[in-house]
Amino acid sequence: MIKIDYSNVSDSIIGEEYGLNLKNEFDKWAPKIEDIIKTLNFNKDKQGAWLQWMNLGYNEETVWYVKEYAAMVDGRFDNVLVLGIGGSALGARAFCHALLKPYWNMLSKEERNNYPRIFFLDNIDPDEIKGLLEVLDLKKTLVNVISKSGLTTETMAQFMIIKDKLQAELGDDYRKNVVATTDKQTGILRQIANEEGYKTFVVPDDVSGRFTVFSPVGLLPMALVGIDIDEVINGIKVMDLALKNTDINRNIAAQNALVHYLMDTEKNHYNAVMMPYSNRLSFVADWFIQLWAESLGKEKDRDGNLINNRPTPIKAVGVTDQHSQIQLYNEGGRDKLINFIRVDEFDSVIEIPRIFEFTGVNYLGGKTLNELMNAEADATTVTLRDFKRPNLTIHLPKVNAYYMAELFYMLEMQTAIAGELYNIDAFNQPSAEQSKNYTYALMGAQGWEESRHELEEKLNIKSETAYL
Ligand code: PA5
């Protein structure tokens with residue numbers, strides 16, 4: 001199992017002013033946590049509770065269909081192109097980046113064991129898309145368009161461009177190069193898929209986008225490039241079982257949710273830095289950022305009180321950000337709780353050759369990059385401790401499908417529990433929807449004409465200092 005070391009949030013290490021007495025806090029909060037975990041599990045099948053993500057590890061039928069389709073298209077495509085944004089892209093991208101061989105898209109087909117390259121297009125930068133279309137042979141590309149609503153402008157604009165080109169190159173046969181992941185019944189993409197005759201997979205109901213990684217949204221891209229999704233499922237199940245434990249002393253998601261909540265509400269440390277000491281895990285931080293920000297950043301609590309909830313996730317990567325952000329974390333505002341992720345055993349061991357005798361670098365000769373990575377992570381932790389900066393470390397025994405699934409499921413549960421502690425709805429995103437709606441209006445979508453006039457007026461209001 002993955003583990004979390006909380007030593008450096010403890011008052012015995014970083015002092016009473018900034019640290020927590022975890023034993024006392026766990027005792028004090030045990031009944032509340034027990035109640036939250038019982039309620040989440042009790043409500044997980046309730047329609048409209050948005051807790052269906054808790055059941056995704058048990059959907060054997062979906063896993064079977066995903067594997068069957070992946071086997072069917074095996075060897076037929078050189079590339080997979082994922083079109084999706086936010087929750088429809090970040091999870092699969094994090095898994096692929098972590099689990100595929102580094103520089104996957106630069107490897108030969110043999111080196112990729114005949115699996116395709118994979119590209120995630122989660123932006124609409126015209127220059128990037130033009131560049132991608134110049135390097136991709138669309139005839140040999142499987143396009144996985146992912147949108148629950150089918151209304152997301154970015155994904156649909158991308159898809160309209162790609163579909164047009166695919167059809168121009170392949171004629172009616174282009175359909176074989178498209179697989180859509182979307183709502184079961186409703187939504188524009190479902191209608192398009194039905195009309196055009198695409199193979200489809202379902203984004204389940206009652207799961208917010210950022211909790212869909214273990215539905216076909218994430219599992220299909222993973223399976224298409226050969227990631228062992230059975231291991232993913234095993235990881236979810238084992239973690240789910242562990243997190244059903246209502247005793248906070250035995251439930252790491254509850255512990256971590258409470259630690260973050262108390263650090264915010266009692267110690268003013270509301271920023272959560274996610275800093276994996278592994279480049280392969282760098283996109284885990286991107287995925288976590290959406291999960292934490294979109295779930296917890298709410299204006300009002302469930303009782304309608306204005307709270308402007310502030311937990312703010314920040315991405316950093318060890319060791320890279322030791323030379324960028326760490327100065328601020330050590331000495332800047334006392335507002336951050338740093339979450340390190342450390343990998344106990346890297347797949348590779350690289351020795352640094354003894355080639356220079358110069359004092360200042362000769363000590364490196366004969367050591368491994370693994371030792372250096374660990375020493376740097378230790379050095380960073382101790383420095384933060386010296387400056388009395390709270391930090392905790394999530395230990396991943398190895399980077400593999402099983403532990404990745406444990407980690408992601410644990411962070412999902414942590415977010416859900418934190419939502420309950422803040423007494424907010426962690427599963428909606430009203431103002432993110434509002435900007436989506438403004439975009440429809442500005443782009444001239446039918447039904448949004450009135451908002452369009454209002455918006456244009458708002459956009460015309462400039463202060464006298466707009467262009468100094
Ligand atoms: O978490 C969310 O709900 C969002 O990030 C969505 O996943 C994102 O906006 C994409 O939505 P859709 O799948 O409808 O295209």
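Numbering of ligands and ligand atoms starts at 1, following listing order.
Ranking the protein heavy atoms by distance from atom 3 (O) of ligand 1 puts G209 N, 3.4 Å first. Looking only at protein heavy atoms, the nearest one to atom 1 (O) of ligand 1 is E294 OE1, 2.8 Å. Looking only at heavy atoms of the protein, atom 14 (O) of ligand 1 is closest to S149 OG, 2.8 Å. Nearest protein heavy-atom contact of atom 12 (P) of ligand 1 is T152 OG1, 3.3 Å. Closest protein heavy atom to atom 7 (O) of ligand 1: G87 N, 3.1 Å. The protein heavy atom nearest to atom 8 (C) of ligand 1 is I85 O, 3.5 Å.
A side chain to side chain contact (heavy atoms under 4.5 Å, CB included) with K148 is found for one member of D205, V217, T212 and no other, namely D205. Checking each of Y409, F427, W50 against F211 for a ring pair (Phe, Tyr, Trp, His ring centres under 6.0 Å) leaves exactly one that passes, namely F427.
Without hydrogens or angle criteria, N251 side chain to A254 main chain gives a donor-acceptor distance under 3.5 Å. W104 contributes a side-chain N or O that, together with a main-chain N or O of P116, makes up a donor-acceptor pair within less than 3.5 Å. The main-chain N or O of L296 is found under 3.5 Å from a side-chain atom of N309 such that the two form a donor-acceptor pair. No donor-acceptor distance shorter than 3.5 angstrom exists from the side chain of D35 to the backbone of P31, with no hydrogens or angles considered. Side-chain atoms of H260 do not come within 3.5 Å of backbone N or O of L258 as any donor-acceptor pair.
With ligand atoms numbered from 1 in the order given, ligand 1 contributes 9 (O), 11 (O) to contacts under 4.0 Å with heavy atoms of K436. Applying the 4.0 Å criterion to heavy atoms of S147 picks out, from ligand 1, the atoms 12 (P), 13 (O), 14 (O), 15 (O). Interface atoms of ligand 1 facing Q290, defined by a heavy-atom separation under 4.0 Å, are 1 (O), 2 (C), 4 (C), 5 (O).
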